[in-house]
Amino acid sequence: MSKVESVIIVGSGPAGHTAAIYAARANLSPLMFEGFMAGGIAAGGQLTTTTEVENFPGFPEGLGGPELMERMRAQALHCGTRIETETVSSVDLTKRPFRVTADSGEYLAQTLILATGATAKRMAIPGEDKFWQRGISACAVCDGALPAFRNKPLVVIGGGDTACEEATYLTKFGSEVHLLVRRDVLRASKAMQARVKANPKITIHWNTEAVEAVGAGKLLDGVRIKHTTTGAESVVVASGLFYAIGHEPNTAFLAGQLQLDDSGYVITKPGTTQTSVHGVFAVGDVQDKVWRQAVTAAGSGCMGALEAERLLSEEEGA
Ligand code: FAD
Ligand code: NDP
């Protein structure tokens with residue numbers, strides 16, 4: 001059995017690396033499991049799957065997502081974080097120290113910071129792989145302002161709050177926005193529905209699903225759609241296709257160990273990163289289904305490390 005670590009961080013996106021930087025600078029010598037294609041995503045998290053990041057402060061010209069994550073990792077290492085390229089397969093949170101099982105064995109931790117993120121759901125329609133990041137995106141806030149989408153028709157798929165919010169947001173950039181809803185109702189909150197329905201730039205296509213992303217060249221030209229009741233097919237001309245069909249939080253490995261909400265997100269006490277288990281903190285997208293940005297993930301990573309440090313100091317002084 002290994003020694004008892006002060007802090008183990010699981011996950012390596014902006015939340016995990018920021019937690020690592022703060023914990024290391026507090027002399028807690030954190031151990032991070034960065035994952036090995038965990039949740040289908042490379043170590044470094046969701047930003048490794050994108051090109052330009054233009055909204056992370058400190059980089060006025062923007063920088064590539066993989067480069068941003070490489071820099072965060074280098075900073076975490078520089079501050080004294082130890083990083084294992086392994087995926088955590090299970091945890092035992094029934095008593096402290098907590099047990100963390102990874103490929104190389106079992107580890108013990110006084111505090112645990114969960115930063116395993118979430119994965120945007122994709123649809124696997126024909127053309128998706130070809131046009132992914134060449135017109136297709138799963139994040140309107142991240143990509144909507146790109147020049148390729150300016151004054152062009154855009155399509156959003158989904159009927160929840162995210163889809164409505166993103167459709168509304170995209171009207172700032174696109175010439176028009178087509179919202180594809182697979183049923184004849186929106187799942188979104190009443191307020192969000194009202195906003196979408198009142199926006200003259202948004203056309204809602206009820207009972208409609210996307211069946212193919214089309215384009216003659218390297219960029220998306222349109223989306224083939226199908227009416228779910230009549231079966232009629234047509235093509236909506238569009239330069240952008242935004243999936244807003246939900247995210248999958250990477251929490252399967254927690255299996256009943258702490259409180260999750262109905263969608264599988266870790267529940268934290270409002271205004272904190274504290275979970276239902278004393279000594280376990282959750283940061284970033286694994287506990288956030290509203291903001292989902294690199295900078296908000298990093299901010300909560302900072303909070304998680306400070307809360308872990310505070311708890312350890314209190315216990316040491318007790
Ligand atoms: P993630 O980035 O999801 O990272 C979690 C990491 O933990 C992953 O590497 C995962 O493999 C690992 N992991 C999961 N399970 C385990 C396990 N059991 N053991 C070990 N490791 C594990 N935000 C912006 O602010 N600006 C943008 O321009 C932007 N562009 C985006 C573009 C795309 C295509 C996507 C998908 C997202 C984009 N975002 C952007 C959102 C941003 O990427 C996320 O909000 C942010 O990455 C969340 O950070 P996180 O640290 O919570 O988790
Ligand atoms: P939801 O799970 O609420 O909605 C997903 C939507 O995508 C549903 O309308 C669903 O259709 C549709 N969908 C799922 N799969 C497919 C598919 N394969 N093809 C077509 N459509 C599909 O996810 P959200 O991300 O919208 O919201 C998640 C949570 O976050 C919610 O609790 C929401 O309230 C919250 N949220 C709150 C915000 C706010 O308050 N400002 C902003 C964003 C999110 P169907 O309805 O038929 O199942």
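One is the number of the first residue; the rest follow in order along the sequence. One-based numbering, in listed order, for ligands and for the atoms of each.
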*asked:* Strictly below 4.0 Å, N to O, side chains only: are Glu315 and Arg96 in salt-bridge contact?
replied: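 Arg96 and Glu315: salt-bridged.
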
*Does a side-chain N-to-carboxylate-O contact under 4.0 Å join Glu165 and Arg195?*
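Arg195 and Glu165: not salt-bridged.
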
Checking contacts here: is it the side chain or the backbone of [X] that comes within 4.0 Å of ligand 1, counting heavy atoms only? Could be both or neither.
X	value
Ala42	backbone
Ser89	neither
Ala115	backbone
Asn55	side chain
Ala15	both
Val10	side chain
Gln133	side chain

Parallel, tilted or perpendicular: ring planes of [X] versus [Y], cut at 30 and 60 degrees:
X	Y	value
Tyr107	Phe33	perpendicular
Phe149	Phe242	perpendicular
Tyr169	Phe173	perpendicular

*Does Arg182 make a cation-pi contact with Trp206 (under 6.0 Å, within 45 degrees of the axis)?*
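Because its charged atom misses either the 6.0 Å distance or the 45° angle limit, Arg182 does not stack over Trp206.
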
*Please list, by chain and number, the protein residues whose heavy atoms come under 4.0 Å of ligand 2.*
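Those residues closer than 4.0 Å to ligand 2 by some heavy atom are Met123, Ile157, Gly158, Gly159, Gly160, Asp161, Thr162, Glu165, Arg182, Arg183, Arg187, Met192, Ala244, Ile245, Gly246, Lys289, Arg292.
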
*Do Leu154 and His178 come close enough that some side-chain heavy atom pair is under 4.5 Å?*
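The answer is no, as the side chains (C-beta and beyond) never meet within the 4.5 Å cut-off.
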
*asked:* Measuring only between side-chain heavy atoms, which start at C-beta, is Gln193 closer than 4.5 Å to Lys197?
replied: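 Counting from C-beta outward, Gln193 and Lys197 do come under 4.5 Å.
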
Judged on heavy-atom distance to [atom], which of [options] sits nearest?
atom	options	answer
atom 4 (O) of ligand 1	Cys142, Gly45, Gly11, Ala282	Gly45
atom 35 (C) of ligand 1	His17, Gln46, Arg122	Gln46
atom 49 (O) of ligand 1	Gly13, Gly284, Pro14	Pro14

*Could you tell me if any non-hydrogen atom of Ala118 lies under 4.0 Å from any atom of ligand 1?*
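In this structure, Ala118 qualifies as a contact of ligand 1 - some heavy atom is under 4.0 Å.
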
*Distance from Met69 atom CE to Leu47 atom CG, nearest 0.5 Å?*
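So the CE of Met69 and the CG of Leu47 are separated by 6.0 Å.
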
*asked:* How far is atom 21 (N) of ligand 1 from the closest protein heavy atom, and which atom is that?
replied: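 Sorting protein heavy atoms by distance from atom 21 (N) of ligand 1 puts Gly35 CA, 3.4 Å first.
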
*Go through the structure and list residues passing salt bridge (Lys or Arg N to Asp or Glu O under 4.0 Å) with Glu233, not counting sequence neighbours.*
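With neighbours one apart ignored, the set is empty.
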
*Side chains of Thr229 and Asn207: is there a donor and an acceptor less than 3.5 Å apart?*
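Absent: no donor and acceptor within the cut-off.
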
